[in-house]
Structure formats: structure tokens, C-alpha cells
2 protein chains.
Amino acid sequence: MTIEAGQARSAPTLEMVAAAAGVSRATVSRVVNASPKVSPCVVEAVQAAILRLGYTPNRAARSLANRRSMVIALVVPEDTTRLFGDPYFAAIVKGITDELDASDYVLNLHLARSESAQKTLAYLTGGNVDGALVVSHHSGDEFLSTLGRHLPVVFGGRPVDPEAVDSIYIDIDNVAAAYDGTRYLIDAGCTRIATVTGSGDMPAGIDRLEGFRRALAEAGMPADLVADGDFTMTGGARAARELLDRGESFDGLFVASDLMAVGAVTALRERGLRVPDDVKVMGFDDSPAALTGEVALTTVRQPSEEQGRLLARTLLQLLGGEDAARRTIMPTDIVVRQSA
Amino acid sequence: MTIEAGQARSAPTLEMVAAAAGVSRATVSRVVNASPKVSPCVVEAVQAAILRLGYTPNRAARSLANRRSMVIALVVPEDTTRLFGDPYFAAIVKGITDELDASDYVLNLHLARSESAQKTLAYLTGGNVDGALVVSHHSGDEFLSTLGRHLPVVFGGRPVDPEAVDSIYIDIDNVAAAYDGTRYLIDAGCTRIATVTGSGDMPAGIDRLEGFRRALAEAGMPADLVADGDFTMTGGARAARELLDRGESFDGLFVASDLMAVGAVTALRERGLRVPDDVKVMGFDDSPAALTGEVALTTVRQPSEEQGRLLARTLLQLLGGEDAARRTIMPTDIVVRQSA
DNA sequence: TCGGCTTGTGAGAGCGCGCTCAATCGCAAG
DNA sequence: CTTGCGATTGAGCGCGCTCTCACAAGCCGA
């Protein structure tokens with residue numbers, strides 16, 4: 001054969017396959033799209049031609065004609081450090097990719113922090129994507145809320161923006177989960193409990209603090225030992241040190257993420273405090289981070305991977321024209337290990 | 001204004017903007033693409049119309065006409081666990097995104113392991129992407145080598161496939177770097193040195209073992225204490241235990257990645273060995289993992305983030321029609337901390 | 001005054017594909 | 001032998017955009 005480099009470069013088109021198979025473009029199109037009404041022998045001939053030419057459909061053309069791109073975007077308004085640093089994202093992404101692998105859609109990951117946000121938005125609204133999943137949504141990311149006007153969007157976690165009230169999202173009951181976690185510490189005999197919170201601009205951070213407060217209020221304990229750990233490991237350590245530096249001792253510590261809890265435990269031990277003997281520590285997530293530290297964390301488990309899976313499944317439903325529940329709340333429970 | 005939902009859903013087109021501005025489609029296109037030969041007053045009118053209608057170019061149409069998608073793919077033939085588990089990837093991705101943020105391209109991340117590989121390949125060769133970066137290339141991923149026939153590709157790390165000899169890649173000299181790391185242990189007085197290797201199906205794994213061997217050979221030491229750690233933390237721990245179980249004691253351990261080294265150090269300490277007093281441990285990468293363990297790792301530093309940046313820059317050059325060096329070797333050095 | 005030039009603009013042909021609609025072919029019923 | 005119907009197939013339009021080319025002004029020197 002004399003199919004040379006030049007030929008290989010310019011990808012074969014439907015037209016060329018049609019010519020090679022001796023049929024019309026429409027018929028090749030039918031074969032490619034597995035239309036039932038093509039006679040078997042023609043199907044065979046066309047498939048042979050496709051194979052021979054190494055034909056791959058041009059998705060730009062297809063999506064132009066089709067008005068569908070078969071691409072789903074995962075938008076994460078975080079920087080690389082956060083994305084890769086927190087195993088929570090790993091779980092979410094795994095759930096999503098697992099679910100999508102079984103579909104015809106491919107996944108696009110967008111780290112949409114600050115500068116590139118505008119470019120990302122143009123990309124998302126430019127018809128490149130049939131739908132979007134948004135995870136780790138901060139206040140200040142309002143541009144994402146408007147996304148819903150252009151395409152189907154499913155949020156992982158309740159959106160902060162009040163404008164986005166009718167968004168579809170999948171979340172856990174952060175207030176109740178944090179309440180339960182704190183309650184566990186109380187029931188374990190802690191008499192003075194502090195907390196390391198997540199970011200104050202994220203619902204997960206705000207709601208977990210709220211749950212913590214409620215549990216303490218109910219038990220008649222003060223909820224004044226609060227420090228912000230910003231959902232990072234070093235932040236967790238810093239927050240724990242800050243709490244210790246206030247001079248008031250505590251025997252329970254509720255931390256709003258495992259990653260921060262690992263940092264906090266390290267900080268406590270630096271100061272000579274034993275976990276759980278001197279301070280009982282409750283994490284949140286049950287991410288792999290819970291097991292990386294020197295003390296295995298007792299933690300509030302949230303089903304992150306399952307959440308990712310459900311996010312994807314919900315979006316696929318929407319894209320398939322089905323309805324989807326506006327809000328889905330997933331269950332949490334407490335995993336008891338060493339730290340509390 | 002009576003621009004209602006229905007209107008907002010079907011995105012405004014060039015045509016509509018043209019009508020609104022009272023000019024032709026071609027002129028609007030020129031404005032959108034910042035062509036210099038449009039009179040200032042027309043530019044202004046068009047931009048006003050664009051703003052008023054909320055116009056965003058349809059990228060499918062654009063890429064169809066243009067034969068360029070302004071999208072770059074990052075292909076990582078790993079599963080989510082590996083990708084998120086190893087800080088090396090975080091650094092690479094950060095470098096790439098930083099560089100791309102300044103360009104007009106957007107990044108697509110593809111986890112192309114096994115089942116979804118075929119779908120990914122179709123995507124990549126379907127004209128959705130102008131170029132690709134491939135990182136963490138294993139043998140067995142031959143499909144990636146053929147990618148170069150369809151579009152510009154830059155590899156992070158020398159490709160394994162001999163067919164891909166003329167690929168463009170950016171790497172470090174793994175043999176020399178491992179040699180240096182091992183040499184450091186020898187110079188530090190170690191008399192019996194073991195190694196935990198990376199995957200045997202990746203150049204990085206193979207070459208680092210080779211460098212280790214050379215250093216020991218040169219010093220007249222046997223290089224028989226070798227165990228595979230598969231580039232994961234738990235794998236590193238397992239490999240270290242395996243080495244200890246052989247009954248032959250060693251006082252130096254060269255580990256082919258920091259992540260594995262963290263696992264190995266944990267394993268050594270479990271067995272009551274002190275690091276660095278009983279066993280000096282040398283890591284590789286200088287990733288954040290080097291600092292997460294109980295002992296800060298002395299390690300061979302490779303400039304991962306810079307490598308990511310360079311990968312992106314090189315691909316942009318290729319896409320811009322410029323030539324690029326077929327192979328670029330980045331420098332490494334040794335960062336001395338506690339473990340050796 | 002005219003031809004040549006630059007500069008800005010519009011008309012129109014694709015880019016590769018899906019989809020509608022009409023045409024064709026058998027074949028059984030009337 | 002004609003009619004009708006289902007099963008296949010092909011012709012051609014349109015998706016939204018870029019780009020080439022031709023055209024309309026406005027300007028210069030001759």
C-alpha cells in the first residue's frame with residue numbers, strides 16, 4: 001500500500017471511507033453510529049474500509065452537527081496543591097472516572113482557580129462540554145453558579161451562592177455529621193472540646209462548625225476553642241498549635257478533615273500530648289490520610305468515592321433527558337480507630 | 001430586554017452578532033480573532049454587540065474550520081490512586097498548568113489506564129486535541145507511542161517503546177542521578193547497601209537501578225539486595241521488610257522514590273532500626289513526601305515542577321511551528337536532610 | 001483626469017458530520 | 001400485471017466558524 005505519512009497526517013474522513021467502501025457517506029455514518037437499519041453485508045464492507053483507512057470520527061464535526069460533544073467537565077476551583085494534597089479529591093475523581101468509563105463520555109479536568117477561570121468559563125460555555133460537575137465550590141466562585149444557565153451541572157456539595165438555590169447537588173449532611181462526631185467525643189468523656197475548622201468560605205467548613213457548636217451547646221459546653229485550618233495538613237498543625245497557645249487545655253479535638261487532623265495530631269505530639277490519652281481527636285472524611293499518620297484516626301466517614309460515582313451518574317441522567325433529584329444527601333457514620 | 005430562557009439556551013452565533021452590529025460575519029470573526037485590519041469604530045461596535053448578546057465562540061465550529069482545538073491533553077497512564085498518591089504528579093501538573101495558563105490553550109487530563117485507553121485514544125486522535133503530553137509511560141502502553149503519528153507529543157521521561165525512538169522527551173539522567181545518590185551513601189560510610197526499586201516496566205525504575213548498580217560496582221560492593229517497591233508507599237514498606245527478612249543486614253538503603261522511602265523508613269523503624277543511625281536512607285524526587293514522614297528524607301532532587309513547565313513550553317513550541325530539541329535532560333542534585 | 005495602491009469589508013466556499021426526506025428495490029397482496 | 005409496503009440507501013442541507021478572494025473606497029503621483 002502507498003498510504004504514506006502525508007496521508008496519515010490528514011485524517012481520513014467519512015467521505016473517504018464511503019468511497020473506499022463504495023457506499024454513500026450517510027451509510028457509513030449509520031454504521032459508525034450503529035444504526036440498526038443497514039444490511040449486514042454493507043456493515044461488514046464499511047467496517048473493513050474503516051479499519052483499512054484507520055478512520056476515527058472527527059469529534060469537532062460530529063459535535064457541531066450533533067450539538068453534543070460527549071465530554072463532561074470536572075471543575076475544581078482549587079490549585080494543584082490542594083487538589084493533589086487532599087485524598088478526598090482522589091476518591092471523588094475515582095468515583096467519577098469509574099462511572100464514566102462505562103459510558104461514552106470522556107472526562108475533562110479543569111482546575112479553575114483565579115486567572116484561568118475566565119478561560120475555563122469560555123471553554124465550558126463554548127459548546128465543548130455537554131455537562132459539568134463542580135466540586136469544592138467556594139464563595140467567590142460565583143461564575144460557576146451561572147454555569148447552570150448554559151449546561152447541565154451537578155454540584156458536589158451544596159453551592160454557596162444563594163443565586164444557585166435551584167442547583168442540583170449531592171452532599172452529606174455536614175451539620176449532622178459534625179454533630180455526631182462531636183457527640184462521640186462528648187460520650188467518650190471529653191469535658192473540654194476544641195475544633196479545627198475548614199475554610200470559612202465553603203459550606204463544608206461552615207456547616208461542620210455549626211454541627212460542632214450544636215453538639216456542645218446541647219451538652220452545655222462552651223464552643224470557644226475554634227481555629228481555622230484551611231483544609232490543609234500544615235493548616236491543621238498550625239491551628240492546633242494556636243489552640244494550645246491559648247493556654248486553655250482541652251481533652252477533645254474535632255477536626256473538620258482527616259488531612260488537617262494528621263497535622264493536628266503531629267502538633268499535639270510535638271507538645272508532648274498523647275493521642276488519645278491526653279487529647280482525643282476526631283477526624284472527618286475517612287480518607288486514606290486517616291491511616292498515614294502515626295495514630296490511626298477515628299473519623300466521620302463520608303462516602304467520597306460513592307459521591308463521585310453518584311455525581312457522574314446524576315449528570316448522565318440529566319444528559320439522557322431524565323429528571324434527577326435536586327438534592328441528594330448521602331449517609332455518614334463514624335469509624336472508630338485509635339485517636340478517639 | 002426580552003432575551004428569555006429559550007434565547008439564552010441556544011448560544012448566540014457569529015451571525016447574530018454580525019446582524020446586531022450591522023456588519024458581516026467575516027468582520028465579527030476578525031474582531032474576535034483580534035485581526036489588525038478592522039477600523040477602530042467597527043471594533044467597538046462589534047465588541048458592544050458581543051457583550052450585549054453574551055456571545056462565546058463555539059469551539060467545535062472553530063476547530064472544525066480551523067483544524068485546531070486549542071486544547072492540550074495530559075495523558076497519564078495510571079489509575080487515580082497512583083496519580084493522586086504521588087506528589088511527583090502534583091508537581092508536574094502544577095508546572096504544566098502554570099505554563100499553559102499564560103497561553104490560549106486549555107488542559108485536558110486523561111487517566112488512560114486499561115479499559116478506557118481505547119476511548120482515550122479515539123478522543124486524542126479524533127481532532128479534539130492539538131497536542132499531547134505523556135507522563136509516567138510504562139512498557140505495555142505502546143498505543144501511546146503511535147500517538148506521535150497523529151499529533152505532536154512530548155514525553156515526560158524517555159519512552160520505553162523502542163519504536164518511539166524519535167519521540168521528543170524531557171527527562172533527567174536517571175542513571176547518573178541514582179549513581180550520585182548511591183555514591184553519597186558510600187561516601188557517608190555505608191558498607192552494605194540495599195535498594196528499593198521502582199516499577200521494572202518504567203525507564204525511571206530501570207535506569208535508577210542501573211545507576212545504583214554502577215555505583216556499587218565501582219566501589220566493589222555487591223548489588224544483590226534489591227527489592228521492588230512499585231513506586232508506592234505501601235510497596236516501599238513491603239520491599240523494605242522483604243529486604244530485612246533476607247537476614248542480611250545493611251546500613252544503607254537507596255530508594256527510587258520519596259514516597260517509597262517514606263514507607264521504607266516506617267518499615268525499618270517498625271523493626272527497631274534507627275534512621276539514619278542504623279540505616280542511612282536516600283530517597284528520590286524531593287517531593288513533598290520527603291517531609292511528611294517522621295524522618296526528613298535526604299534525597300535526590302529532580303525538578304519536577306520545572307519539568308512540567310518545560311514539557312508544556314516544548315509542546316507549545318511545536319504547536320507554534322518551531323523546532324524543539326528531541327531530548328532535554330534536566331539537572332538533579334542531592335538535598336541533605338536527616339535520613340542520610 | 002486616470003491608473004495603481006493600500007485599507008477595510010463582504011460574499012461564499014468549505015471544514016466533517018448527522019439527519020431529514022425522497023428515491024430505490026424487493027416482494028407479497030390484490 | 002399493478003399496487004402497496006417495508007427495508008435500505010443516497011442526496012443534500014445545515015451546524016458555526018475561518019479564510020480566501022474580490023470588491024469598494026480613499027489616496028497618491030503622473
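Everything quoted here is computed from the prediction, not taken from an experiment. Below, chains carry the letters A, B, ... as their sequence lines are ordered, and counting in each starts from 1.
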So, do A/P152 and A/D130 sit near enough that their side-chain heavy atoms are less than 4.5 Å apart? no
Under 4.5 Å between any side-chain heavy atoms of A/L124 and A/H150, yes or no? no
List the atom of A/L316, the atom of A/S103, and the distance in Å for their closest heavy-atom pair. CD1-CB, 4.0 Å
Nearest 0.5 angstrom please: B/Q307 CD to B/I96 CD1, how far? 8.5 Å
Mind listing the closest non-hydrogen atom pair of A/S69 and A/S63 along with its distance? CA-CB, 3.7 Å
How many angstroms lie between CD1 in A/I50 and OG1 in A/T56, if you round to the nearest 0.5 Å? 9.5 Å
Figure out the CE/C1' separation between A/M16 and C/dC15, and round it to whole Å. 14 Å
Is there a donor-acceptor pair under 3.5 Å between the side chain of B/R59 and the backbone N or O of B/M70? yes
Using the C1' atoms of five pairs at each end, what's the angle between the two axes of the helix from C/dT1-D/dA30 to C/dG30-D/dC1, to 10 degrees? 60°
Side-chain N or O of A/R62 versus OP1/OP2 of C/dG18: is the shortest distance under 4.0 Å? yes
Here the distance between atom C1' of D/dT18 and atom CG of A/L64, to the nearest Å, is 12 Å
Grab the N/O contacts between the protein and nucleotides 22-27 of chain C below 3.5 Å, and write none if there aren't any.
none

A/E15 CD to C/dG14 P: how many Å, rounded? 12 Å
What I'd like to find out is whether the side chain of B/V23 reaches to under 4.5 Å of the side chain of B/V28, using heavy atoms alone. yes
It should be established whether A/N58 places a side-chain nitrogen or oxygen under 4.0 Å from OP1 or OP2 of nucleotide C/dC15. no
Under 4.0 Å, heavy atoms only, any strand: does B/L14 hit a base, just the sugar-phosphate, or nothing? base
Value in whole Å for how far the P atom of C/dG16 lies from CG of A/N33: 17 Å
Out of curiosity, A/L133 CG to A/F155 CZ, how far, rounded to the nearest 0.5 Å? 10.0 Å
Short side-chain N/O contact from A/R67 to OP1 or OP2 of D/dG16, under 4.0 Å: yes
State whether B/N66 places a side-chain N or O below 4.0 Å from either non-bridging phosphate oxygen (OP1 or OP2) of D/dC19. yes
Name the pairs: protein N/O against N/O of nucleotides 9-12 of chain C, kept only if under 3.5 Å.
| from | atom 1 | to | atom 2 | distance (Å) |
| --- | --- | --- | --- | --- |
| C/dT9 | OP1 | B/S39 | OG | 3.0 |
| C/dT9 | OP2 | B/S39 | N | 3.0 |
| C/dG10 | OP2 | B/S24 | N | 3.0 |
| C/dG10 | OP2 | B/S24 | OG | 3.0 |
| C/dG10 | OP2 | B/T27 | OG1 | 2.6 |
| C/dG10 | O6 | B/R30 | NH2 | 2.6 |

What's the CZ-P distance between B/R68 and C/dG16, to the nearest Å? 16 Å
Value in whole Å for how far the P atom of C/dG16 lies from CG of A/L53: 14 Å
Tell me the closest heavy-atom pair linking B/Y55 and B/T13, and the distance in Å. CE1-C, 3.6 Å
Taking the side chain from B/D86 and the backbone from B/Y88, do they hold a donor-acceptor pair closer than 3.5 Å? yes
